[in-house]
Engineer: 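This is the structure I have questions about; it appears just below.
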Amino acid sequence: MSSTEGPKPLPFIANFAAGAIAGISEILTFYPLDVVKTRLQLATGKSNVGLIGTFQSIIKEEGMGRLYRGLVPPLLMEAPKRATKFAANDFWGNTYMKLTGETKMTQSLSLLTGCSAGATESFVVVPFELVKIRLQDKTSTYKGPMDVVKQVVKSDGLLGLYAGMESTFWRHLWWNGGYFGCIFQVKAMLPKPETQQATLMNNLVSGTVGGLVGTMINTPFDVVKSRIQSQQRVPGVVPKYNWTYPALVTILREEGPAALYKGFLPKVLRLAPGGGVLLLVVEFTLGVFRQALGPPYI
């Protein structure tokens, strides 16, 4: 192979494994922040205990273990989520390049591909997200993940596990669009890396900025999703939070603009550095695969 052709793309299984390893690493590192974020988002009214106050309250009243309650669903979700994300990224990226006649990814195509992949991914994650939110809720009396599934199916049927589907769709669409769109732009602005260390640093910086921007864009949709999925359905009663955009208006009217960003601090503390860690681990793991497989992947 000539040097102008570049290395051969890694097989799907390598990309999938790298994504799964990175995702699990990020979850285990930052999960307590996700619990705090959910608690803040589910708190109605204009009172705001804040990040530190919520952490202290959970530890004092419920114990350290509560910071990891609901951890199993996101861990179980990583494999199908990553498989869907990478497959969707490849599919939509190739589709849009063929439709536009482009031979390589551009900023606008990167943004469009990210949004499309996020929307596709949302269909897989909804049941896992619903179980996680129900377990993270302070008022939760569920014994564990399977108890949530059994009770939801018993009261609402199998489709009950897809409560919040529409809000999850918007949350993932906007976050992935912001994340992948920013990564492309930030990498283009950074100095071209000359060493492996510089490449890893560029990935960390671009992933962190992407995580920050994605979080700023999608937090209001995440607040709505948490409210919708935490609700217990009552037969004959229309839920207060039902569809995404009307729910955004309801929260804005009743609690003010700041309520749309409840949980933003723990969310951004997780997803900004978490986005950097995610990209860093993915690229590092892919590098290990390339070295292990040797030419023509190097």
Side-chain angles (χ1 to χ4, degrees), residues 23-24 26-28 30-45 49 54-55 57-59 61-81 121-172 175 218-244 247-248 250-251 259 262-264 266-267 270-271:
I24 290 171
E26 189 272 336
I27 289 170
L28 292 175
F30 295 102
Y31 187 77
L33 286 167
D34 190 63
V35 175
V36 172
K37 176 214 73 171
T38 300
R39 291 292 183 87
L40 290 169
Q41 289 179 341
L42 295 180
T44 56
V49 179
T54 303
F55 256 121
S57 175
I58 292 173
I59 294 170
E61 298 174 14
E62 305 167 55
M64 284 287 295
R66 196 74 174 192
L67 291 172
Y68 284 88
R69 183 168 168 81
L71 177 63
V72 173
L75 288 178
L76 292 176
M77 178 173 65
E78 273 309 297
K81 177 182 176 181
E121 178 188 36
S122 67
F123 289 91
V124 175
V125 306
V126 175
F128 298 95
E129 283 285 324
L130 182 135
V131 172
K132 184 195 75 168
I133 294 294
R134 293 287 178 93
L135 290 172
Q136 288 179 340
D137 193 343
K138 184 177 182 178
T139 61
S140 172
T141 58
Y142 297 105
K143 297 174 185 176
M146 289 310 300
D147 187 39
V148 177
V149 173
K150 281 163 48 178
Q151 291 199 39
V152 169
V153 172
K154 183 180 178 180
S155 61
D156 303 323
L158 280 173
L159 287 179
L161 294 172
Y162 278 83
M165 175 67 245
E166 182 244 4
S167 57
T168 304
F169 171 89
W170 289 114
R171 185 187 79 151
H172 280 256
W175 194 87
N218 95 324
T219 294
F221 301 94
D222 194 34
V223 172
V224 169
K225 184 197 77 72
S226 294
R227 299 275 180 102
I228 289 174
Q229 292 188 321
S230 70
Q231 294 175 132
Q232 301 288 339
R233 298 273 171 170
V234 179
V237 178
V238 177
K240 181 175 182 179
Y241 307 108
N242 206 2
W243 298 99
T244 301
L248 287 171
T250 298
I251 295 171
K262 282 186 173 181
F264 175 76
K267 183 177 169 71
R270 177 192 176 187
L271 292 179

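Any value given below was found using the heavy atoms of this structure, including those in side chains, with hydrogens, waters and symmetry copies removed. All figures in this text were calculated on a predicted structure; none of them were measured in a lab.
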Engineer: Between Lys138 and Glu61, is the salt bridge (Lys or Arg N to Asp or Glu O under 4.0 Å) condition met? List the steps.
Structural biologist: CA-CA 10 Å; Lys138 184 177 182 178; Glu61 298 174 14; 3.2 Å; yes

Engineer: Return the NZ to CZ distance between Lys267 and Phe30, rounded to the nearest 0.5 Å.
Structural biologist: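 That separation rounds to 14.0 Å.
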
Engineer: Going from CD on Glu166 to OG1 on Thr168, what distance comes out if it is rounded to the nearest 0.5 angstrom?
Structural biologist: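 Separation between the atoms: 9.0 Å.
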
Engineer: Is it true that the side chains of Ser57 and Arg39 contain a donor and an acceptor less than 3.5 Å apart?
Structural biologist: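 There is no such pair (donor and acceptor under 3.5 Å, judged by atom type) between the side chains of Ser57 and Arg39.
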
Engineer: Give a yes or no answer on whether the side chain of Ser140 reaches the backbone of Arg134 with a donor-acceptor pair at less than 3.5 Å.
Structural biologist: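 Pair found, side chain donor or acceptor close to backbone of Arg134.
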
Engineer: Can you name the nearest heavy-atom pair linking Val126 to Ala163, along with the distance?
Structural biologist: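 Heavy atoms only, the tightest pair is CG1-O, 3.8 Å.
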
Engineer: Give me the atom names and distance for the closest heavy-atom approach of Val35 to Leu67.
Structural biologist: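 Heavy-atom minimum between the residues: CG2-O, 3.2 Å.
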
Engineer: Assess the residue pair Leu248 and Phe221 against the criterion (side chain to side chain contact (heavy atoms under 4.5 Å, CB included)); give the C-alpha distance rounded to whole Å, side-chain angles, the decisive distance to 0.1 Å, and a yes or no.
Structural biologist: CA-CA 8 Å; Leu248 287 171; Phe221 301 94; 4.0 Å; yes

Engineer: Within the structure provided, determine whether Ile133 and Gln41 are in side-chain contact (heavy-atom separation under 4.5 Å).
Structural biologist: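 Side chain of Ile133 against side chain of Gln41, heavy atoms only: no contact under 4.5 Å found.
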
Engineer: Can we say Arg171 and Glu129 salt-bridge, meaning some charged N sits less than 4.0 Å from an Asp/Glu carboxylate O?
Structural biologist: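 Looking at Glu129 together with Arg171, the answer is yes, because their closest N to O distance falls below 4.0 Å.
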
Engineer: Once rounded to the nearest 0.5 Å, what's the spacing between atom CD1 of Ile228 and atom OG1 of Thr244?
Structural biologist: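 Spacing of CD1 (Ile228) from OG1 (Thr244) equals 5.0 Å.
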
Engineer: Who are the ring-ring contact (aromatic ring centres under 6.0 Å, His included) partners of Tyr142, not counting sequence neighbours?
Structural biologist: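 Per chain and number, Tyr142 pairs via ring-ring contact (aromatic ring centres under 6.0 Å, His included) with no residue.
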
Engineer: Without hydrogens or angle criteria, can the side chains of Gln136 and Asp34 be said to hold a donor-acceptor pair below 3.5 Å?
Structural biologist: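 Gln136 vs Asp34: donor-acceptor pair found between side chains.
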
Engineer: Can you tell if the side chain of Pro266 reaches within under 4.5 Å of the side chain of Phe55, non-hydrogen atoms only?
Structural biologist: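 No, too far: nothing below the 4.5 Å cut-off.
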
Engineer: Measuring only between side-chain heavy atoms, which start at C-beta, is Asp137 closer than 4.5 Å to Thr38?
Structural biologist: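 No, too far: nothing below the 4.5 Å cut-off.
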
Engineer: Roughly how far apart are Leu75 CG and Tyr31 OH, rounded to 0.5 Å?
Structural biologist: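 One gets 8.5 Å once the value is rounded to the nearest 0.5 Å.
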
Engineer: Mind checking what makes side-chain hydrogen bond (donor to acceptor under 3.5 Å, both in side chains) contact with Thr250, not counting sequence neighbours?
Structural biologist: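 Expected list: none.
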
Engineer: From Leu130 CG over to Ser226 OG, what is the distance, rounded to the nearest 0.5 angstrom?
Structural biologist: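 Leu130 atom CG to Ser226 atom OG measures 10.5 Å (nearest 0.5 Å).
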
Engineer: Quiz question: by atom type and distance under 3.5 Å, do the side chains of Gln229 and Lys225 form a donor-acceptor pair?
Structural biologist: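 The criterion, which ignores hydrogens and geometry beyond distance, is satisfied for Lys225 and Gln229.
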
Engineer: To the nearest 0.5 angstrom, please state how far the OH atom of Tyr241 sits from the CZ atom of Arg227.
Structural biologist: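 Between atom OH of Tyr241 and atom CZ of Arg227 there are 4.0 Å.
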
Engineer: Val131 and Pro73: which non-hydrogen atoms are nearest, and at how many Å?
Structural biologist: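 Smallest interatomic distance, heavy atoms only, reads CG1-CG, 3.6 Å.
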
Engineer: Where is the tightest heavy-atom contact between Ser167 and Val224, given as atom of each residue plus distance?
Structural biologist: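 It is CB-CG1, 4.3 Å.
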
Engineer: For Asp147, is there an ion pair with Lys150 - N to carboxylate O distance below 4.0 angstrom?
Structural biologist: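 No salt bridge links Lys150 with Asp147.
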
Engineer: Lys262 versus Ile251: any side-chain heavy-atom pair under 4.5 Å?
Structural biologist: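 Lys262 does not reach Ile251 side chain to side chain.
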
